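Heads up: the structure comes next, in structure tokens.
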Amino acid sequence: MAKLTIEDLKKMSWDEFYGTPLKDKLKFFEKDGNLFDCLFAQQFSRPLLEKLFETATRIRTIAKSKGGMDWLQTLLSNKRAMLYFVQPSTRTFLSFQSACYILGLKVSEIRSTSTSSELKGESPEDTIRTFSSYADLIIMRHFQEGFAEKSAYILNKTKRPVRIINGGSGKDQHPTQALLDMYTLNLSFSNRGGIDNKTIMMVGDLKRGRTVRSLTHLLKHYKNVKLIYVAPEYLKIEDDIKVFLKKNKMPFIESDDLVKNLKYADAVYMTRIQDEYDVNNESKSIDYTKFHLKKEMLKHLKKDTIIMHPLPRRKELDIEIDNDPRAMYWRQERNGMWIRAALIATMFGIGDEILKFANQ
Ligand code: NCD
């Protein structure tokens, strides 16, 4: 079949568009070869990741001085962002808000459908279209898988296409969390040859955790990364991810034994049980305590293994670990602000200006 053009894609109904393989429609979310919308981890290449890491570190350095911060805040002072977060969020919301402040964007927010006209029966699609009247960028978190994509599908066909960033779409994807996770891995392994050749262990609710799904996609860009997925039987990684791993020849094992595998890991990525997605209280019958990382287990880790968590945590990550030098999760959450600023800057085409800026 001939390659689909943007015009072909624009003519499609939503169902046809949604059913089209991702690789055939990625260009719909680009402009002049650059990211226009950020919806999926599959939109990132290794050169783009590396550029984002460099931009994030540059922003972080420039922001240290008042002069530098003042300059950053001029860069997008003519732009407005809408934060539409109708699923609970602390870090993603605050780090995006802070990222917008760093770059001078003006921010508006809606955090619940109970305070928007959706309560009066307005459709989510009309709500998004309304945001586009007032904003240049919509950053959204939604419980419905595919809704961020649908928003981009709608807006990119209008005369006022507005950029969309997906801050979490149901159980499906959380691409910007994966960016901050990769940035954290890259910084942590900077004196050890980077992310290539590392073993990353992901633990917990791998079935419904969107962060592990997006992170797995990004790890594909690094050589010889091995994955260990540790989960209860019912919460094992989904088949689409296993197909992806096999297709990309990424070695992986699955296990339900946390302690046995700790010694192999260069990074241990803990996650909480995602029981908000339970249909029938099924989480209640799972013994999640076997997937809790306790302080006494740290003796099994290599001395330079890093411990990560997208947060929020419950009991799966012992608070007594917080002061261990291998605990990286508090830095990880702060890294989110810098990489999200780098992403917004790059999407608005000012990444290179930031990289060129000579800090006095
Ligand atoms: C994650 C999420 O929302 O998917 N949180 C986050 O964005 N840092 C993980 C979670 O909620 O468990």
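Only this structure's heavy atoms are used, side chains among them; waters, hydrogens and symmetry mates stay out. We count ligands from 1, going down the list as the structure has it; atoms in each ligand are counted the same way. Keep in mind it's a predicted model, so treat the numbers as computed, not measured.
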### Query
Got a second to check how far Thr92's OG1 is from Gln177's CD, nearest 0.5 Å?
6.0 Å
### Query
Excluding sequence neighbours, so at least two apart, what forms ring-ring contact (aromatic ring centres under 6.0 Å, His included) with Tyr329?
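Tyr329 satisfies ring-ring contact (aromatic ring centres under 6.0 Å, His included) with no residue once adjacent residues are dropped.
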### Query
For Ala152, which residues count as a side-chain contact (heavy atoms from CB on, under 4.5 Å) partner, sequence neighbours excluded?
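Applying side-chain contact (heavy atoms from CB on, under 4.5 Å) to Ala152 gives Phe29, Asp37, Leu39, Asn156, Ile164.
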### Task
Mind running ring-ring contact (aromatic ring centres under 6.0 Å, His included) on Trp338 and Tyr183 for me, showing each step along the way?
CA-CA 9 Å; Trp338 303 118; Tyr183 182 46; 9.1 Å; no
### Message
Looking only at side-chain N and O atoms, does Thr127 offer a donor or acceptor that is under 3.5 Å from a partner on Tyr84?
### Response
no
#### Entry: Pairing residues for Asp240 by the side chain to side chain donor-acceptor pair (under 3.5 Å) criterion, not counting sequence neighbours
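Result, side chain to side chain donor-acceptor pair (under 3.5 Å) vs Asp240: Arg213.
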### Query
Near ligand 1, which protein residues have a heavy atom under 4.0 Å away?
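Heavy-atom contacts below 4.0 Å: Thr92, Arg141, His174, Gln177, Arg210, Thr211, Arg272, Gln274, Pro310, Leu311, Pro312.
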